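Written below as structure tokens is the structure these notes are about.
Bear in mind that the values here come from a model prediction, so they are computed numbers and not experimental data. Only heavy atoms go into these numbers, but all of them, side chains included; no hydrogens, no water, no symmetry mates.
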Amino acid sequence: MKDFHTDRTLYIQIFILVLFVGLLAKAAQLQLFDNSYKARANAIAVDKITQYPSRGLIYDRNMKLLVNNNPMYDLMVTYNQVDSEMDTTLFCDLLNIKKEKFNKSLNRNFKGDAKYTKHNPFVFLKKISTETYAKFQEHLYEFPGFIVQIRNVRGYPHVNAPHVLGYISEVNKSQIEKSKGVYELRDYIGASGLELSYEKELRGEKGQKYLLKDNLGRVVGAYKDGDLDTAAISGKDLITSIDLDLQTYAEQLMQNKRGSVVAIEPKTGEILTILSSPGYDPNLLVINRNRGAALQDLLGDTLNRPFFDRTVMAKYPPGSIFKTLVGLVGMQEGTWNANNSYPCDGAYHYNGISWGCRNHPRIRNVAMGLQYSCNSYFFQCFRSIIDKESFYKPDVGLDLFVDYLYKFGLGKKLDTDLPYELTGNIPTVSYYDFLYPKAKGGWKSPTIISLGIGQGEIEMTTLQIANLAAIIANKGYYYTPHLGKGFRYNEAEIDPKYNVKNEVGIDPIHFETIIDGMRRVVNAGTAKVAKIPGIDLCGKTGTSQNAGEDHSVFFGFAPADDPKIA
């Protein structure tokens, strides 16, 4: 019996010892190895306040300010510090809110939502205007527990270039997850235009400020004397290639019209002007409490589609301006001579089918063909390219032709620094093989003859059309069109791809012929209305057939001998 009691006592002692060792190990884990409890204790004692940076400014090429920053205010509240006897009527009147809004914003789901705790500040009211804040801040001392956090939002001194500049918006859940810690709730991000393309450079870096609180949650000073605080770093200021005066002029010309304008400096690829019409006032999308309604109005305008950027998203048959490219390829490949003559009686005839043209003198060379925009002349030139190998092997000629088009930047993205750019469309051999199966007779050069005058399945963006003008102005090369010119104070560099010279594989001598023809177009051809006294302007008109009214297009460059604009 004694041995039984002895054993039982021993077992109890061992059990107690095991419990003690277990508790000791747990205490060691909590105090020495597991930081979660320490972090929780610090969270009660310390407030981490985000210091938001100023977003980089945006300028035109002459340092005229296009986008600036305006202060906006978020009202933060710490629930435990709010005075239950505060004058809520005055509070609501100052902020122009109702009592229901006050109660909803203050009484959050503290148990069910980890974002909200009673001892840490959370957003009570966002997007307070400068005017409202000016009235409220005089009474802020009357409302313990409330602090104001300054944010910077965009402002637009001018109403120009909304599609170019873009706008910012609050980050969504997907963007936060993909950013790997760069973005948090309530952060702003570039949503379109240059704001999106240069988000990394413009956004800056957030800072942090740590405030020490007592056991009642009241701020008593800087945590660790501010040693852990970090200052926000402002974003880099972007200098664009846009010329504001030229942009303004172009937008005035396009008032009440649908279409687009792109102007490029040929020697650099810098975009001087780029606009889509109809547009919108960028100030409508400034982040404030009215933005939601303005955004819905713009999105609901399905007739004008103000967010649709016609410079890089719309695709158009280029029409007769494409004849310049057909002439270049024909002369380069030797299937067509610069001095070839071709008769035209007002139509092009083949196998009982006629394609219309216009009345004009007999065409004696390529330059004259451009001057009078003769369809028959360039139908035949195009067929000479497609039938280079043989009338019965049009696939060889079309492959050759398409390769040149790709070198001109067609059928693909030019890879400019405007987002949402589309490729246009270049029909290929495989496309026509599918459309006209060999089992049913296949296709030949007359089948696709409309390509020779820029009709049919060929589609180009306005940016690609302007770049084609730049290529002709440069006599055979281009730099990728771009809007970023540099950064103020040389804080960063523009992507080096914009300094790469892209050769198109056509000898300069053939461009001389096309330039001569485009000069004639303006001086004594289809674009005489575009003639400017004292300026040697080269241009070409085009009409793009459409299901509704036909589109009209013009491209050109000047001066002819030393082009400054295309």
Side-chain angles (χ1 to χ4, degrees), residues 58 66-67 154 156 158-169 172 189-199 240 242 247-248 250-264 271-286 291-319 409-426 457-468 481-483 542-555:
I58 302 179
L66 300 177
V67 184
R154 292 313 221 180
Y156 304 91
H158 311 279
V159 297
N160 307 101
H163 298 92
V164 176
L165 302 175
Y167 59 92
I168 62 174
S169 62
N172 58 39
I189 190 172
S192 68
L194 295 177
E195 294 279 18
L196 173 57
S197 299
Y198 290 94
E199 165 65 16
T240 72
I242 290 292
Q247 181 81 19
T248 302
E251 290 181 12
Q252 289 171 350
L253 292 177
M254 290 298 290
Q255 282 185 5
N256 303 316
K257 297 182 178 70
R258 282 193 182 87
S260 49
V261 176
V262 177
I264 299 173
I271 297 174
L272 303 170
T273 290
I274 182 166
L275 71 94
S276 176
S277 180
Y280 59 91
D281 183 346
N283 290 289
L284 292 173
L285 296 185
V286 168
R291 171 177 160 141
L295 183 61
Q296 288 305 312
D297 286 343
L298 291 170
L299 290 171
D301 187 355
T302 55
L303 177 63
N304 291 314
R305 302 173 70 191
F307 284 130
F308 183 63
D309 188 347
R310 291 169 170 81
T311 64
V312 292
M313 298 172 71
K315 300 181 293 182
Y316 304 106
L410 307 183
K412 60 182 180 181
K413 293 181 181 180
L414 281 169
D415 204 18
T416 184
D417 47 1
L418 261 184
Y420 311 127
E421 179 192 3
L422 298 183
T423 62
N425 184 63
I426 297 299
E457 296 84 2
I458 283 183
E459 293 176 323
M460 294 168 62
T461 67
T462 312
L463 180 65
Q464 290 172 333
I465 292 172
N467 193 54
L468 175 57
H482 57 282
L483 287 152
T543 301
S544 240
Q545 293 178 358
N546 184 39
E549 289 189 59
D550 288 345
H551 297 297
S552 61
V553 61
F554 174 86
F555 82 155

Side-chain contact test, heavy atoms from C-beta onward, threshold under 4.5 Å: evaluate it for [X] versus [Y] and give yes or no.
X: Gln296; Y: Leu299; answer: yes
X: Leu303; Y: Arg258; answer: yes
X: Thr273; Y: Val262; answer: no
X: Thr311; Y: Thr461; answer: no
X: Met460; Y: Ile426; answer: no
X: Ile271; Y: His482; answer: no
X: Ile242; Y: Leu483; answer: yes
X: Pro318; Y: Val553; answer: no

Under the side-chain hydrogen bond (donor to acceptor under 3.5 Å, both in side chains) test, residues paired with [X] that sit two or more places apart:
X: Glu199; answer: Arg55, Tyr183
X: Glu459; answer: none
X: Arg291; answer: none
X: Asp281; answer: Asn283

Ignoring hydrogens and angles, tell me if any N or O in the side chain of Glu421 forms a donor-acceptor pair with the backbone of Asp415 under 3.5 Å.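 Indeed, once roles are kept as given, a pair shorter than 3.5 Å links the two residues.
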Pairing residues for His158 by the ring-ring contact (aromatic ring centres under 6.0 Å, His included) criterion, not counting sequence neighbours: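 None.
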Go through the side-chain N and O atoms of Glu251 and Asn160 and say whether any donor and acceptor fall under 3.5 Å apart.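 Note: Glu251 and Asn160 side chains meet the donor-acceptor criterion.
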Asp309 and Tyr420: side-chain donor and acceptor closer than 3.5 Å?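 Looking only at side-chain atoms, Tyr420 and Asp309 do not form any donor-acceptor pair under 3.5 Å.
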Pair Leu275-Gln247, side chain to side chain contact (heavy atoms under 4.5 Å, CB included): steps then yes or no: CA-CA 8 Å; Leu275 71 94; Gln247 181 81 19; 3.6 Å; yes
For Tyr280, check side-chain contact (heavy atoms from CB on, under 4.5 Å) against everything at least two apart and list the hits.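 Tyr280 satisfies side-chain contact (heavy atoms from CB on, under 4.5 Å) with Pro162, His163, Tyr167, Leu285, Leu298, Pro306, Phe307 once adjacent residues are dropped.
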Side chain to side chain contact (heavy atoms under 4.5 Å, CB included) between Val286 and Arg154, worked out: CA-CA 6 Å; Val286 168; Arg154 292 313 221 180; 5.5 Å; no
Quick one, Thr423 with Lys315, criterion side chain to side chain contact (heavy atoms under 4.5 Å, CB included). Give me CA distance, side-chain angles, the key distance, then yes/no. CA-CA 8 Å; Thr423 62; Lys315 300 181 293 182; 5.6 Å; no
